[in-house]
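Order of the sequence lines sets the chain letters (A, B, ...), proteins ahead of strands, with each chain counted from 1.
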Amino acid sequence: MPHQFWLMKSEPDEASIDHLAAAPQQTLPWTGVRNYQARNFMRDQMRIGDGVLFYHSSCAEPGVAGLAEVASEAYTDETQFDSTSPYFDPKSSRDAPRWQHVDVKLVKKTRLLPLKDMRHAPELAGMRLLQPGSRLSITPVTPDEWRAVLARLGEAG
DNA sequence: GCCAACGTTGGC
DNA sequence: GCCAACGTTGGC
């Protein structure tokens, strides 16, 4: 039984649900988060086994594309030290790393639940994702919202 | 490509 | 510690 639930956004051009499915152990390191609130969720609140709604953003059909789970504790994001990486952070250092991430493991690729449909679902109206101006790439999901999304997807809880 | 909303930066 | 300027996000 997952202890908490999350929605994690990924640009499918970069890391789609299919990339996750094709990865070794169907697991990907969630590198590249450069927002303190999102980092803090990973570092302070996520636990192995937490439920994850895998969300495709910045694409033709944004929406929930699958279910995943948190597969590691938070650990150092190496891309912050890599000057050739788009996620390089010159202000970070080995002595005082700024950024951490968890690993995320596929549970199941689902049909797409489009953002458009989520916006029209009364039972999802409170989701952080749907609040005006919300841009956080990682947001908490309540148990009720989790169940409602799974119901919309036609998945058993 | 537009643009509104938001987070971060840095001068003061 | 304020706040204007800037960069980013992300749906449209």
Side-chain angles (χ1 to χ4, degrees), chain A residues 4-23 28-46 50-70 74-142 144-146 148-155:
Chain A
Q4 281 190 106
F5 303 98
W6 306 95
L7 182 142
M8 299 176 80
K9 295 181 186 174
S10 184
E11 299 187 16
D13 286 349
E14 209 172 318
S16 71
I17 193 78
D18 290 328
H19 289 120
L20 183 62
L28 287 174
W30 207 263
T31 53
V33 169
R34 295 295 179 267
N35 171 282
Y36 289 105
Q37 227 179 324
R39 180 206 64 184
N40 293 349
F41 282 141
M42 290 195 285
R43 188 190 62 188
D44 304 334
Q45 294 193 41
M46 282 190 182
D50 280 3
V52 173
L53 301 173
F54 192 107
Y55 179 92
H56 284 173
S57 70
S58 291
C59 58
E61 281 192 298
V64 173
L67 307 177
E69 65 184 21
V70 174
Y75 61 101
T76 303
D77 183 340
E78 291 296 324
T79 64
Q80 69 194 303
F81 306 124
D82 177 0
S83 61
T84 67
S85 165
Y87 302 121
F88 178 60
D89 182 351
K91 303 214 172 128
S92 188
S93 69
R94 291 272 175 196
D95 286 347
R98 284 188 176 188
W99 306 111
Q100 294 176 284
H101 65 83
V102 298
D103 292 343
V104 169
K105 180 180 170 62
L106 181 72
V107 171
K108 182 173 192 183
K109 180 181 176 179
T110 63
R111 77 173 182 90
L112 186 83
L113 175 59
L115 173 62
K116 176 166 39 78
D117 293 2
M118 297 174 75
R119 287 201 187 284
H120 291 137
E123 73 277 18
L124 300 181
M127 282 189 79
R128 181 103 169 242
L129 171 80
L130 304 179
Q131 303 316 303
S134 170
R135 300 182 320 182
L136 256 190
S137 63
I138 299 176
T139 51
V141 172
T142 68
D144 282 348
E145 291 162 356
W146 175 266
V149 167
L150 263 56
R152 288 259 161 194
L153 284 168
E155 299 290 334

Please report, rounded to the nearest Å, how far the [atom2] atom of [N] is from the [atom1] atom of [X].
X: A:Leu130; N: C:dC12; atom1: CG; atom2: P; result: 10 Å
X: A:Trp99; N: B:dG7; atom1: CH2; atom2: C1'; result: 10 Å
X: A:Asn35; N: B:dA5; atom1: CG; atom2: P; result: 18 Å
X: A:Glu14; N: C:dT9; atom1: CD; atom2: P; result: 10 Å
X: A:His120; N: C:dG11; atom1: NE2; atom2: C1'; result: 14 Å
X: A:Leu129; N: B:dC6; atom1: CG; atom2: P; result: 14 Å
X: A:Met118; N: C:dC12; atom1: CE; atom2: P; result: 12 Å
X: A:Leu136; N: C:dG11; atom1: CG; atom2: P; result: 13 Å

**OP:** May I ask you to say whether A:Asp89 pairs ionically with A:Arg34, meaning some side-chain N is under 4.0 Å from a carboxylate O?
**Re:**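 Not counted as a salt bridge, because no side-chain N and carboxylate O are separated by less than 4.0 Å.
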Original post:
Is there a donor and acceptor pair closer than 3.5 Å between the side chain of A:Arg34 and the base of C:dT8?
Top reply: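 For A:Arg34, whose side chain was compared with the base of C:dT8, there is no donor-acceptor pair (under 3.5 Å).
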Looking at the side chain of [X], which of [options] is the nearest nucleotide?
X: A:Tyr36; options: B:dG10, B:dT8, C:dC12; answer: B:dT8
X: A:Lys91; options: B:dT9, C:dG7, C:dC12; answer: B:dT9
X: A:Ser57; options: B:dG10, C:dG7, C:dG11; answer: C:dG11
X: A:Arg98; options: C:dT9, C:dG11, B:dT9; answer: B:dT9

Original post:
So with a 6.0 Å cut-off around CD of A:Glu61, is the heavy-atom count from everything else above 12?
Top reply: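 Not buried by this count: 12 neighbours or fewer within 6.0 Å.
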**OP:** Remember a base hit wins even if backbone is also touched, and classify A:Lys116 as base, sugar-phosphate or nothing at under 4.0 Å, heavy atoms.
**Re:**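 Here A:Lys116 touches no strand at all.
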**OP:** Please determine if a side-chain N or O atom of A:Lys9 lies less than 4.0 Å away from the OP1 or OP2 oxygen of C:dT9.
**Re:**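 Indeed not, no polar side-chain atom of A:Lys9 lies that close.
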Subject >> Below 4.0 Å: OP1/OP2 of C:dG11 and any side-chain N or O of A:Tyr55 >> reply: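 Checking C:dG11 against A:Tyr55, a side-chain N or O does come within under 4.0 Å of OP1 or OP2.
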**OP:** Using only heavy-atom distances, determine whether the side chains of A:Asp103 and A:Tyr75 contain a donor-acceptor pair under 3.5 Å.
**Re:**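 A:Tyr75 and A:Asp103 do have a side-chain donor-acceptor pair below 3.5 Å.
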Subject >> Flag for A:Ser93-A:Asp95: side-chain donor and acceptor within less than 3.5 Å >> reply: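 Side chains of A:Asp95 and A:Ser93: no pair found under 3.5 Å.
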Original post:
Of the non-hydrogen atoms in A:Lys9 and A:Ser57, which two are nearest, and what is the gap between them?
Top reply: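 Result for this residue pair: CB-OG, 4.0 Å.
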